[in-house]
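Here the structure is laid out as structure tokens; the discussion comes afterwards.
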Amino acid sequence: MYEEQTFDVIMARLLSRVPNDVDKREGSIIHDALAPAAIELAQAYRELDINRNLSYADTATDEYLERRTAEFGVTREPATKARRKGEFFDSQGTPLDIPIGSRFSLSDLNYVAVKRLALGQYEMECETLGVVGNQHFGVLLPIEYINGLARAELTDVIVPGEDEESDESLRIRYFETINSQPFGGNIDEYKAEIRKIPGVGGVKVFPVWQGGGTVKCTIIASDFGPPTSELVDEVQTFIDPVQNSGQGLGLAPIGHRVTIRGVTAVNVDIATNLTLSGVTTGQVEAEIAQVIGDYLMTLRKAWSSMQPGEGIIVRISQVEARILGVNGVVDVSGTKLNDIEANLQLAPEEVPRAGVITLGT
């Protein structure tokens, strides 16, 4: 279409309209007069092609994709702040309470105490949006003096922070929305509404799992690991508060007793024998660990799109293929997953996590 309208194509078409008894060679008066117009037309066709792609959801990007999806009520999910656990102690190592609103720094980030969890334990919210708030652990430095405080540490991720939703994720949600029929507490509605909750990366819905009116929703965190108990409790309260289950006080319809669970991580220990060329085991082990971690992450990301009764399969062939892609690895043999030379089948509510990697030669 438009992409075929190059300068040469347009110039040839223009010159074909000029009588043959006129000199049309490059450098001639008619050729030089038509060339600028052909350049402008070629540019116009290119811009038409770009604008055409920006008008369809499968090829639009950035604000043009947002404007397209917004027509169906699907908006880009904004970046969120990480919520972490902070632990505070006095000079004797005894847990110490601090004032709500106290601010601390770690690396280039600041965290503020927003909620008391227990004696000396607080929920800390990162002041910076995005996944960066999930990444650092260790000693917190108080920005302002706190009487009696001797040591402060940033530990667990309670609710992972998320970056602004990518174009590809928004595009997938858009097509899922227009191709599904969320209504009245059906599976599609549970998926759509739970997925909107900050910190949730995906969900599987198990209808009538303990008889009529019962629903189980198993979630995975936005970092595609098991959610914390705090996040599970938040989702439970939003969907169907435990103390008033089935009363319709949450999002779930009256009569639906909903149970929220988190996925369980299963360590995958991998042992394999390598044939190497020009490198040592120590030189490739870090990259092998990385490619295996990437493969398992791919499986975790795909978990929520599987059928409720379907479980992830960690395949030896895929593990070996990724190891073979590492420079210096010539061959792989005898690969075992959790001490068994066979694919690893996980239960529907389990996801794989890298365990011990043993490399032989």
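Bear in mind that the values here come from a model prediction, so they are computed numbers and not experimental data. Hydrogens, waters and symmetry mates are skipped; everything else that's a heavy atom, side chains included, is used.
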Roughly how far, to the nearest 0.5 Å, is the [atom2] atom of [Y] from the [atom1] atom of [X]?
X	Y	atom1	atom2	answer
Ile288	Thr272	CD1	OG1	8.0 Å
Gln121	Thr155	CD	OG1	7.0 Å
Asp331	Ser277	CG	OG	12.0 Å
Leu140	Met124	CG	CE	5.5 Å
Thr264	Ile220	OG1	CD1	10.5 Å
Ser304	Phe224	OG	CZ	7.0 Å

Check whether [X] and [Y] end up in the same hydrophobic cluster, where Ile, Leu, Val, Met, Phe, Trp and Tyr are linked by side-chain heavy atoms less than 4.5 Å apart.
X	Y	result
Leu109	Leu154	yes
Ile292	Val279	yes
Leu149	Leu106	yes
Met11	Val9	no
Leu96	Phe89	no

Parallel, tilted or perpendicular: ring planes of Phe72 versus Tyr174, cut at 30 and 60 degrees: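 Judged by the thresholds at 30° and 60°, the geometry between Phe72 and Tyr174 is perpendicular.
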
Any side-chain heavy atom of [X] sitting closer than 4.5 Å to one from [Y]?
X	Y	value
Tyr295	Ile323	no
Leu54	Thr61	yes
Leu41	Gln5	no
Asp23	Ile30	no
Leu299	Val351	no
Thr214	Thr259	no
Leu344	Ile340	no
Ile239	Ile194	yes

Where [X] and [Y] come nearest, the two heavy atoms and their spacing:
X	Y	answer
Ile254	Gly248	CG1-CA, 3.9 Å
Ala60	Tyr64	CB-C, 4.1 Å
Pro352	Val268	CB-CG2, 3.7 Å
Val157	Asn134	CG2-O, 3.8 Å
Pro198	Thr80	CB-CG2, 4.2 Å
Val200	Glu162	N-OE2, 4.2 Å

Side-chain donor/acceptor of [X] to backbone N/O of [Y], under 3.5 Å:
X	Y	value
Gln290	Ala286	no
Ser169	Ser166	no
Asp90	Gly148	no
Thr358	Ala271	no
Asp188	Asn179	no
Arg76	Glu165	yes
Gln236	Val258	yes
Thr298	Asp294	yes
Asp167	Asp62	yes
Ser305	Ala302	yes

Intermediate values then yes/no, side-chain contact (heavy atoms from CB on, under 4.5 Å), His31 and Leu15: CA-CA 7 Å; His31 186 283; Leu15 290 173; 3.9 Å; yes

Anything under 3.5 Å between a donor and an acceptor, one on a side chain of residues 310-318, the other on a protein residue two or more places apart or in another chain? List them.
from: Glu310; atom 1: OE1; to: Gln307; atom 2: N; distance (Å): 3.3
from: Gln318; atom 1: OE1; to: Arg322; atom 2: NH1; distance (Å): 2.5

Does anything in [range] form a salt bridge (charged side-chain N to carboxylate O under 4.0 Å, His left out)? List the pairs, not counting sequence neighbours.
range	value
residues 104-119	Asp97-Arg116
residues 341-359	Lys216-Glu349
residues 193-213	Glu77-Arg195, Glu193-Lys196
residues 121-137	Arg83-Glu123, Arg103-Glu127

Candidate pair Arg52 and Asp49, rule salt bridge (Lys or Arg N to Asp or Glu O under 4.0 Å), full reasoning: CA-CA 5 Å; Arg52 181 193 61 179; Asp49 190 51; 2.5 Å; yes

Worked verdict on Tyr190 versus His256 for side-chain hydrogen bond (donor to acceptor under 3.5 Å, both in side chains): CA-CA 11 Å; Tyr190 275 112; His256 281 210; 2.8 Å; yes

Pair Phe88 + Phe104: ring centers closer than 6.0 Å: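 Ring-ring flag for Phe88/Phe104: true, centres closer than 6.0 Å.
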
side-chain contact (heavy atoms from CB on, under 4.5 Å) between Ile158 and Leu117, intermediate numbers included: CA-CA 11 Å; Ile158 297 175; Leu117 302 175; 4.0 Å; yes

Carboxylate-amine/guanidinium contact Arg171 Glu168, below 4.0 Å: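 Salt bridge: yes.
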
Check ion pair Lys336-Asp339 (N to O, under 4.0 angstrom):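 Looking at Lys336 and Asp339, the cut-off is not met.
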
Exceeds 12 heavy-atom contacts within 6.0 angstrom, atom [atom1] of [X]:
X	atom1	answer
Asn267	CG	yes
Ile29	CD1	no
Tyr56	OH	no
Leu119	CG	yes
Glu71	CD	yes

Which residues share a side chain to side chain donor-acceptor pair (under 3.5 Å) with Asp233, sequence neighbours left out: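 Asp233 satisfies side chain to side chain donor-acceptor pair (under 3.5 Å) with no other residue.
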
